[in-house]
Amino acid sequence: MKYMLLLKADAASESGAVPDDEAINAMGVYNDELIAAGVLLGGEGLHSSADGARVSFDGDDRSVVDGPFAETKELLAGFWMIEVSSKEEAVEWAKRVPLSSGEVEVRQVFTVDEFNQDNEHVQKEIQWREENEARTA
Amino acid sequence: MTAAASRAALDAVWRIESAKVVAVLTRSLGSLDAAEEFAQEALLEAMEQWPRTGVPRNPGAWLTTVARRRAIDAWRRDDRFAARMPDLAAGQDEREERSAPDRRAEEPIRDEVLRLIFTACHPVLPRASRVALTLRVVGGLTTDEIARAYLVSSPTMGQRISRAKRALADAGVPFEVPQADEFPARLGAVLEVLYLVFNEGYAATGGSDLLRVDLAREALRLARVVQALLPREPETHGMVALMELQASRFAARVDRDGQPVLLADQDRSRWDRSAIARGRAALDRARRLGPDLGPYGLQAELAECHAVAATAADTDWGRIVATYDRLLRVTPTPVVALNRAVAVAMAGDPRAALAVVDELASRETLRSYHLVAAVRADLLSRLGREEEARAEFARAAELAGNERVKAQLLARAAAGQRRGE
């Protein structure tokens, strides 16, 4: 089972400063643990929302708003993708993220065989994903 | 927290911590058997306490300390072990349980886990016992889970595991990473165990359950553990690459009725592209460590040739034949020779391929091997010798052990019949 551990933003991650050595070391130890346990598939840290943007949809209209965004707790600061045998195991790993405040959200990742394979749109999405990933591979 | 929920949380902790706990205890108690016994007692204590107190900050250290304490209690009643006591008592440190694991504390633990892996895969044990013991003490699976995966009763599997632990003790196998002179062979034994588990999950050797993906996923996880512990060994990366690339095809390997789908007929949009990317990255690490790829790295390279082909027709069979030539040099087995022959046929020379397979089929040891017959049948069919092909497919079906493979071969025999009429 694949899970995403979604690291929520906080004032520090939104400040735009590059994480200090102490924070990098603590995350490094945590990532080492995930690697040593054979569960880490990937992960990234995100720049602050000041460097990002939002695209909103309303019928055929699209509007773009540049960051930063105010509601810090709703924002993401990074993610890990892990493969584990249960939700409890994913939660146990989330509990070990080296934080003293803030939040990590645990979400299960869909796999392609969970969708209705006869659905035409599912087929198209699979195709799109394959082409997209072939380009970026 | 409900009892079921706290049990599930404890299982999760055990899965993450058990190899470390058992490894550290094996070192301090001097016996894998005792380590497992007292680790189980600590687990029972956790089951009783944690629902009330919550999971400690460093559950691995908690379990290790409690297990040590239980061992001391048990051995205090037995003079023979009195000499160990100062050692054991010195190993306790309750501060460890209250703080998160740090790098300094983790590194020696990882060394113990590596010793545990080499011990569980020790060649003094029969292969089936190495597999069972590895899943149990390194993977943290229960005896029940292992028994179900291998289609034997739980008591049978329990006996296999206890006998294995006894055999290690009787043979005086030291709890060590092997010395340089025997290291390559012993690493080979470790990787072999992981690959056996993977293949058991990838295609069952008996029964009607073709995919036991969980077992394959566990093998892949353990391969990543070994890769992280021995990052300078090219074959640890080769093994991860091979498993990732093969696992990328899980969703495409059987159709909706559970029938196996041949590689050429698989819906490639169902291949897991991120698994392929991870596999290729691991293979690149193996290549960079060079000088040449080992058997697992070369097999991964073969899997990569398929993974990068957009359609079956785009497969670079010439490159596959060349990789098989290299593989045949390091592992000159009939199975590799057979697969190379298939590649030769796919590269456009079925006549040359048939000559190789005819030679293999004439060997006494391979006469009743269904894959030789199946490949031979396929080559005969390609060469338009339908009558002989039909008979050979039927013979292959007779020799196959797996029901689904048998059905597939019979279907090919019947299809040939229809074409022939």
Side-chain angles (χ1 to χ4, degrees), chain A residues 1-4 22 25-42 81-100 106 109-118 122-137, chain B residues 5-17 19-20 55 57-59 100-107 109-110 113 139-141 214 217-229 231 240 244 250-252 256 267-278 280 307-308 310:
Chain A
M1 301 161 94
K2 267 192 224 172
Y3 280 85
M4 245 183 168
E22 198 183 334
N25 289 342
M27 279 302 176
V29 171
Y30 178 68
N31 290 339
D32 270 359
E33 266 191 85
L34 290 171
I35 292 168
V39 298
L40 184 65
L41 299 184
M81 179 85 92
I82 60 174
E83 177 139 39
V84 292
S85 62
S86 65
K87 177 183 153 190
E88 287 77 12
E89 197 183 331
V91 168
E92 180 58 32
W93 280 115
K95 284 162 70 181
R96 297 179 183 208
V97 174
L99 292 177
S100 49
V106 179
V109 177
F110 269 117
T111 56
V112 71
D113 43 332
E114 287 177 87
F115 300 117
N116 172 13
Q117 299 302 315
D118 295 326
V122 169
Q123 281 297 329
K124 275 186 190 160
E125 186 178 321
I126 290 168
Q127 189 93 33
W128 170 84
R129 191 160 38 195
E130 181 193 16
E131 286 163 6
N132 187 50
E133 284 173 355
R135 268 201 304 278
T136 55
Chain B
S6 67
R7 181 61 217 250
L10 182 65
D11 285 347
V13 168
W14 181 248
R15 236 183 111 66
I16 295 170
E17 299 294 340
K20 291 190 266 184
V55 177
R57 188 72 203 282
N58 189 343
D102 63 42
R103 193 189 296 269
R104 265 199 330 268
E106 282 290 304
E107 269 170 17
I109 294 176
R110 281 179 200 168
V113 170
L141 271 64
D214 282 352
R217 296 249 178 260
E218 177 62 11
L220 182 45
R221 183 182 76 83
L222 293 177
R224 290 194 201 110
V225 170
V226 174
Q227 176 192 36
L229 288 167
V240 168
E244 289 277 20
F250 273 149
R256 250 161 275 184
D267 175 358
R268 293 179 184 223
S269 68
R270 292 175 66 87
W271 288 0
D272 180 342
R273 295 282 145 186
S274 48
I276 290 173
R278 288 193 300 274
R280 299 188 71 190
V308 299

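All heavy atoms count here, side chains included; hydrogens, waters and symmetry mates do not.
The nearest pair of heavy atoms linking A:Gly38 to B:Arg221 is O-CG, 3.3 Å. Looking at every heavy atom in both residues, A:Lys2 comes nearest to B:Asp272 through NZ-OD2, 3.7 Å. The two residues A:Glu88 and B:Ala9 make their nearest non-hydrogen contact at CG-N, 3.9 Å. Taking both residues in full, the closest heavy atoms of B:Arg224 and A:Leu40 are given as CD-O, 4.5 Å, listed atom of the first, atom of the second, then distance.
The CD atom of A:Glu83 lies 7.0 Å from the CG atom of B:Leu220; values are rounded to the nearest 0.5 Å. Note that OG of A:Ser85 and CZ of B:Arg217 are 12.5 Å apart. Values are rounded to the nearest 0.5 Å.
Heavy-atom neighbours of A:Lys87 NZ from other residues, nucleotides or ligands within 6.0 Å: at or below the threshold of 12.
Two residues are said to be in side-chain contact when any heavy atoms from C-beta on lie closer than 4.5 Å; A:Val39 and B:Arg15 fail this criterion. By the 4.5 Å heavy-atom criterion applied to side chains, A:Glu92 and B:Glu17 are not counted as neighbours. The shortest distance between side-chain heavy atoms of A:Leu41 and B:Arg278 falls below 4.5 Å.
Only the side chain of A:Lys95 comes within contact range of chain B, judged by heavy atoms closer than 4.5 Å. For B:Val226, no part lies under 4.5 angstrom from a heavy atom of chain A.
Under the side-chain contact (heavy atoms from CB on, under 4.5 Å) criterion, A:Ala90 pairs with A:Tyr3, A:Ile82, A:Val84, A:Val106, not counting sequence neighbours. For B:Ala228, the side-chain contact (heavy atoms from CB on, under 4.5 Å) partners at least two apart in sequence or on another chain are A:Ile35.
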